[in-house]
Amino acid sequence: MPGKKKVAPKAVVSKPPSKPVEVKKDESDEPKLSKSYDLLRGFRDILSEDQGRWNLIRDTVRSIAEAYSFDRVDLPILERSELFNRTIGKGTDIIDKEMYTFTDPSNRSVAMRPEATASAARAYIGHGMLDRPQPVKMWYTGPMFRHDRPQAGRYRQFYQVGFESFGVDEPIVDAQLIVIGYKIFKDLGLDVKVQINSIGTTECRQAYLAELVAYFRQHRSKLSDDDKRRLQKNPLRILDSKEEVTRELLDGAPQILDWLDDKSKEHFMKVLEFLEEVEVPFVLNPYLVRGLDYYTHTVFEFVLADDEGTKAQSALGGGGRYDGLVELLGGRPTPACGFALGMERISRALEAKGINPLERPKPHVFFAQLGDASRRVGLKLFEDFRNAGVPIAEAFGKNSLKAQLDVANKLGVQFTLILGQKEVLDETIIIRDMESGAQEIVDVKKVVGLVKKKLRHEEGVDPIMQSPVETA
Ligand code: HAM
């Protein structure tokens, strides 16, 4: 029975991320004078070439969120700085180096959210959700901001989708959230595995941290200034270090799993049992602590299965339990658990696998006009096709038939509808089969139905975008 699995004290694991390779580009944050309207470093435009994948991610996430009864929330981008300082914690890279903080015109210190879990907890308390039936399950998507070193898969504005579940402390909640993340990847066609660890409660972590500090103190002279600072300010963060020397030292460092109290161990083992039950592949990683201070018990990350999980940018998502967060923000003690996925990283993984859906349905029909009277009919006809759910393209701005047929050819449509002066007068229209060049003249009032029928006969062509609304 899967329940027999013990938390191995020295599990075979992957190491923490190695120092990421910088993408050499303009190193300066200050745009050169001639480039003063360039994008800020680490910011990007997501153009239509990418939107097909983004739509796919959004649609997949939404349908899974609905299936698991998570309610959509939209949370503000700007929050009081204190919300993040308190929850993510001083001594984390996010708070010490990466947050976009400024004073607003009311002289208040505000921050562009680096993540949304703290905001979700603030909303949970602020809207009295403690009094609703628990768990309260929310999901969100939107941009986050971190003034991190930009490189492939790491931006200063990036998008997340996130799931948060408040009010239940059972290990099944942790496991189900992991299953939800796993399912999202599966539905997207990406093979991922879960890296998982437990960092127990704040109390049992104290004894571990004392041991960890003692260990690294012996090697203090080898540590970078950043890691020395971590050791002093927030020693758990040394496990996130990207320094080669520190990573090597980690081999002999005490592991947090050995310091878990019985309750924490039991909680963790149950999560692992549930995951085994549903056959979600996971790897124990005792170095995984995640870069935010609010976590308790289970922490996890999703990495591509064919990735060793050692590259800094390999985490497509991550999360964990955060039983102290609501209380920290002044609410009643409330257990909670959640995760967030990075949309840019998922999009890159999809692209690498050649998964590149179209941003919008490809039109199968083109409308070519000759003169203003024909344009007028065309405008109306365009609406008729749209209402029938058949994507149709046009080049109303072009005058010559040849130029319009060139566009139609480039688009690769099956049929072009040609409407000249004569056809306008006769209330007819020409349907041209673009492959054979054959043309037929039909009643303009019947053309929508006829074209739909023809498209249905064409192999593999589904002309319908959405459920069609038939015109009278
Ligand atoms: P996080 O690990 O900081 O967790 O971020 C989650 C995911 O966002 C990462 O795994 C990564 O895919 C993506 N991500 C983070 N930083 C960047 C960046 N600079 N550029 C591109 N993608 C990035 C959180 O934010 C927690 N709020 C997750 C959570 C929800 N924990 C509990 N509930």
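These numbers come from a predicted model, not from an experiment. Counting starts at 1 for both ligands and their atoms, following the listed order.
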[atom] [closest protein heavy-atom partner, distance rounded to 0.1 Å]:
atom: atom 31 (N) of ligand 1; result: Y295 OH, 2.6 Å
atom: atom 19 (N) of ligand 1; result: Y155 O, 2.8 Å
atom: atom 12 (O) of ligand 1; result: A315 O, 3.0 Å

Taking only heavy atoms of [X] into account, list the atoms of ligand 1 that are under 4.0 Å away from them.
X: G338; answer: 30 (C), 31 (N), 32 (C), 33 (N)
X: F339; answer: 29 (C), 30 (C), 32 (C), 33 (N)
X: A340; answer: 6 (C), 7 (C), 28 (C), 29 (C), 30 (C)
X: G318; answer: 10 (O), 28 (C), 29 (C)

With nothing but distance in play, are any N or O atoms of [X] less than 3.5 Å from an N or O of ligand 1?
X: E301; result: no
X: R146; result: yes
X: T117; result: yes
X: Y294; result: yes
X: L316; result: yes
X: D148; result: no
X: Q160; result: yes

Looking only at non-hydrogen atoms, which of [options] approaches [atom] most closely?
atom: atom 18 (C) of ligand 1; options: Y159, F145, F163, F158; result: F158
atom: atom 4 (O) of ligand 1; options: R321, R290, E115, E164; result: R290
atom: atom 21 (C) of ligand 1; options: G317, G153, A152; result: G153

(Q) If the test is side chain to side chain contact (heavy atoms under 4.5 Å, CB included), which one of V326, T334, L325 qualifies with I125? (A) V326

Q. Quick one: are R44 and F158 in side-chain contact, heavy atoms under 4.5 Å?
A. no

Q. Should the pair F302 and F300 be assigned to parallel (<30°), tilted (30 to 60°) or perpendicular (>60°) ring geometry?
A. perpendicular

Q. For the atom pair CG (D191) and OH (Y182), what is the distance rounded to the nearest 0.5 Å?
A. 6.0 Å

Q. Of Q195, R290, K193, which is the lone residue that meets side chain to side chain donor-acceptor pair (under 3.5 Å) with E301?
A. R290

(Q) Just checking W54 against Y159, ring centres under 6.0 Å apart? (A) yes

Q.
With a 4.0 Å cut-off on N to O distance, would you call D261 and K263 a salt bridge?
A. no

Q.
Before you tell me yes or no, could you show the steps for E115 and T117 under side chain to side chain donor-acceptor pair (under 3.5 Å), namely the whole-Å CA-CA distance, both residues' side-chain angles and the distance that decides it to 0.1 Å?
A. CA-CA 6 Å; E115 60 109 45; T117 308; 3.2 Å; yes

Q: With D96 as reference, evaluate K233, R146, K90 under the salt bridge (Lys or Arg N to Asp or Glu O under 4.0 Å) test and give the passing residue.
A: K233

**Q.** Nearest heavy-atom neighbours spanning I346 and L316
**A.** N-CD2, 4.3 Å

Q. Which is it for I94 and ligand 1 at heavy atoms under 4.0 Å: side chain, backbone, both or neither?
A. neither

